[in-house]
Number of protein chains: 2
Amino acid sequence: MATGRTHRPATRSRGIPEATVARLPLYLRALTALSERSVPTVSSEELASAAGVNSAKLRKDFSYLGSYGTRGVGYDVEYLVYQISRELGLTQDWPVVIVGIGNLGAALANYGGFASRGFRIAALIDADPAMAGKPVAGIPVQHTDDLEKIITENGVSIGVIATPAGAAQQVCDRLVAAGVTSILNFAPTVLTVPDGVDVRKVDLSIELQILAFHEQRKAGEEGGTEAPVVAPAVHGSPAAVDRKGPDGDVPAVMPA
Amino acid sequence: MATGRTHRPATRSRGIPEATVARLPLYLRALTALSERSVPTVSSEELASAAGVNSAKLRKDFSYLGSYGTRGVGYDVEYLVYQISRELGLTQDWPVVIVGIGNLGAALANYGGFASRGFRIAALIDADPAMAGKPVAGIPVQHTDDLEKIITENGVSIGVIATPAGAAQQVCDRLVAAGVTSILNFAPTVLTVPDGVDVRKVDLSIELQILAFHEQRKAGEEGGTEAPVVAPAVHGSPAAVDRKGPDGDVPAVMPA
DNA sequence: GATTGTGAAGGTATTCACAGCA
DNA sequence: TGCTGTGAATACCTTCACAATC
């Protein structure tokens, strides 16, 4: 779900599998909570359950980082927090810009977990001149015109796009041209970027649609009641032949 | 990344692999765009590139749904839109409640892609009495006290949690008790739910941390120009064989 | 000739289950 | 005895490559 372009085998980066990397933040969060409660050590079983994964997976994940546990005892909380933080690159802090300070951008700017976890908002950028200078989350919004300058002067390599879909690709291009190499995209668009740039996408409607899929299945399962499927009568289209799907009548397509 | 609890093999649901389900919304979005431009048919190659995946994968994905294409020609756009919508359960519309109307909740409420894609905001709910009655995105906010009533009366089965982390589990429990079986969680917490309830999680700081991981790697690769990595004198990670024990300088742990 | 649909091959990820160590 | 670390087994996903079909 990341990767700059279709190529790049999404292969494990430096020996650590992508799937493992995606779980490290989860472990880190659970560990941080334990650390705050001054818990000195934790077993794979306990930690796994706090992170919502199973313990074998967790141990395998940690084994990619090294042997940081003690047999018969468990893991030293502080030590693990440090090792994972380092592995994730959180021992330095990353200046981040957020582009598009609408409802969502403002929500992101106000999100507390930001500063506390290795990231620092270097700037908020919006295309609306009326926003310029207005403080959001205590940070004055700057105009898109200065985007390149802001990126360069602050050494920003991570950008967050929270603009409308229509503007996202253009903003992305400018960010990349200015030197950003990692992008978190909240706009509902597929971004095209050159090799070497990572894009991750967060998309509300995709998540909801996935839930709807499972929800529908649940409804259909029990009692077999439901009969939601309307079944199209093969339209001017294909596979009249051996095609499976029910037939009935078609579209009435989606809105937009 | 979903699934109710550790168990449930995350197995394919009704023959359609989870990975495929997660891509259907992507295809649907690309198809909808084509549909709006009145494009009648599309090849796997074209559609795949619009959706940002490779064409073999797309064809394989579609093959799980049925044989909806025409060899030598491609796919009928309208027909596919309909089939995918149906598969995702978007031919009905799902009432959704959003709990926690802070910055993020408001942003979600204002998110346009909502109504247009098979979902309808049935209610906005917040624990702050001062919010009650105040309209957000044209919908009056209701108080948490009425949560159960709202869920039941509207037949809501999908809930969105946008509360602070501390309140999330409790809200989740109430939603589930009231009949919600799918939850989209924006709070940075692991939710525990009974079997049969799906949870999906959207987490800004996790995404950023994953980006930071890759970003760090990039910096390390090239000529080392960047030189950002502070590199604790500590030993390398893996191959250090029997690596072990905190010695020398360790932690300097994360804030929170 | 073009493009789909799909077996088969190749990877990646998860889980099992137990040897090894504190 | 208790718990980690990890090979081996399994499950899942992606990609290849080509026969089937329009």
Side-chain angles (χ1 to χ4, degrees), chain A residues 1-3 6-13 15-24 27 41-49 51-76 79-80 83 236-245, chain B residues 1-3 6-13 15-24 27 41-49 51-77 79-80 83 237-245:
Chain A
M1 196 143 274
T3 79
T6 311
H7 0 307
R8 162 101 70 78
T11 277
R12 59 185 54 177
S13 313
I16 303 182
E18 216 18 68
T20 294
V21 172
R23 281 187 295 265
L24 292 181
Y27 302 145
T41 62
V42 66
S43 71
S44 63
E45 200 69 60
E46 295 165 325
L47 183 53
S49 122
V53 306
N54 93 4
S55 65
K57 194 187 288 185
L58 175 143
R59 287 199 303 278
K60 181 66 101 182
D61 284 342
F62 286 178
S63 81
Y64 293 115
L65 307 186
S67 297
Y68 294 148
T70 307
R71 292 167 203 245
V73 177
Y75 301 92
D76 181 284
Y79 188 64
L80 246 195
Q83 291 299 346
S237 70
V241 196
D242 57 40
R243 191 49 291 305
K244 40 117 58 92
Chain B
M1 192 147 273
T3 79
T6 310
H7 358 310
R8 162 100 71 77
T11 277
R12 59 186 55 175
S13 313
I16 302 181
E18 212 27 61
T20 294
V21 172
R23 281 186 296 265
L24 291 180
Y27 302 145
T41 63
V42 67
S43 71
S44 63
E45 200 68 60
E46 296 165 324
L47 183 54
S49 120
V53 304
N54 92 2
S55 65
K57 194 187 287 187
L58 176 144
R59 288 200 301 281
K60 180 65 99 183
D61 283 343
F62 285 179
S63 81
Y64 293 114
L65 308 185
S67 297
Y68 294 147
T70 308
R71 290 168 204 246
V73 177
Y75 300 91
D76 181 283
V77 172
Y79 187 66
L80 244 197
Q83 291 298 346
S237 25
V241 190
D242 60 30
R243 227 269 79 252
K244 204 356 339 149

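Residue numbers start from 1 in every chain, and the chains themselves are labelled A, B, ... in the order their sequence lines are given, proteins ahead of strands. Both backbone and side-chain heavy atoms feed into the values below; hydrogens, waters and symmetry mates do not. Values in this document were obtained by computation on a predicted structure and should not be read as measured data.
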Whole-Å distance between [N] [atom2] and [X] [atom1]?
X       : N      : atom1 : atom2 : result
B/Leu80 : C/dT3  : CG    : P     : 16 Å
B/Tyr68 : C/dT4  : OH    : P     : 16 Å
A/Lys57 : D/dT4  : NZ    : P     : 17 Å
B/Leu58 : D/dC16 : CG    : P     : 15 Å
B/Lys60 : C/dT4  : NZ    : C1'   : 12 Å
B/Asn54 : C/dG10 : CG    : P     : 18 Å
A/Glu45 : C/dC16 : CD    : C1'   : 14 Å
A/Glu46 : D/dG2  : CD    : C1'   : 12 Å

Derivation of the ring-ring contact (aromatic ring centres under 6.0 Å, His included) call for B/Tyr68 and B/Tyr79: CA-CA 8 Å; B/Tyr68 294 147; B/Tyr79 187 66; 5.6 Å; yes

Does A/Thr70 reach the main-chain N or O of A/Val73 with its side chain, forming a donor-acceptor pair under 3.5 Å? no

Apply side-chain contact (heavy atoms from CB on, under 4.5 Å) to residues B/Ser43 and B/Tyr75 and explain how you reach the verdict. CA-CA 6 Å; B/Ser43 71; B/Tyr75 300 91; over 6 Å; no

Given D/dG5, C/dT4, C/dA13, the nucleotide with the shortest approach to the side chain of A/Ser67: D/dG5

Of the listed nucleotides (C/dT4, D/dT6, D/dT4), which one gets closest to any side-chain atom of A/Ser63? D/dT6

Between [Y] and [X], is there a side-chain heavy-atom distance shorter than 4.5 Å?
X       : Y       : value
B/Phe62 : B/Lys57 : no
A/Leu47 : A/Leu80 : yes
A/Asp61 : A/Tyr27 : yes

Would A/Arg23 and A/Val53 count as a side-chain contact (heavy atoms from CB on, under 4.5 Å) if you check the C-alpha gap in whole Å, the side-chain angles of each, and the deciding distance to 0.1 Å? CA-CA 9 Å; A/Arg23 281 187 295 265; A/Val53 306; 4.0 Å; yes

Pairwise N/O distances under 3.5 Å, protein to nucleotides 18-22 of chain C:
{"from": "C/dG20", "atom 1": "N3", "to": "A/Arg71", "atom 2": "NH1", "distance (Å)": "3.2"}
{"from": "C/dA22", "atom 1": "O4'", "to": "A/Arg71", "atom 2": "O", "distance (Å)": "3.3"}

Taking the nucleotide of DNA chain C with the nearest heavy atom to each, does B/Ser43 or A/Ala19 sit closer to the 5' end? B/Ser43

Would you please confirm or rule out a distance under 4.0 Å between OP1 or OP2 of D/dC13 and any side-chain N or O of B/Tyr64? no

Using a heavy-atom cut-off of under 4.0 Å over every strand shown, decide if B/Phe62 touches base, sugar-phosphate, or nothing. nothing

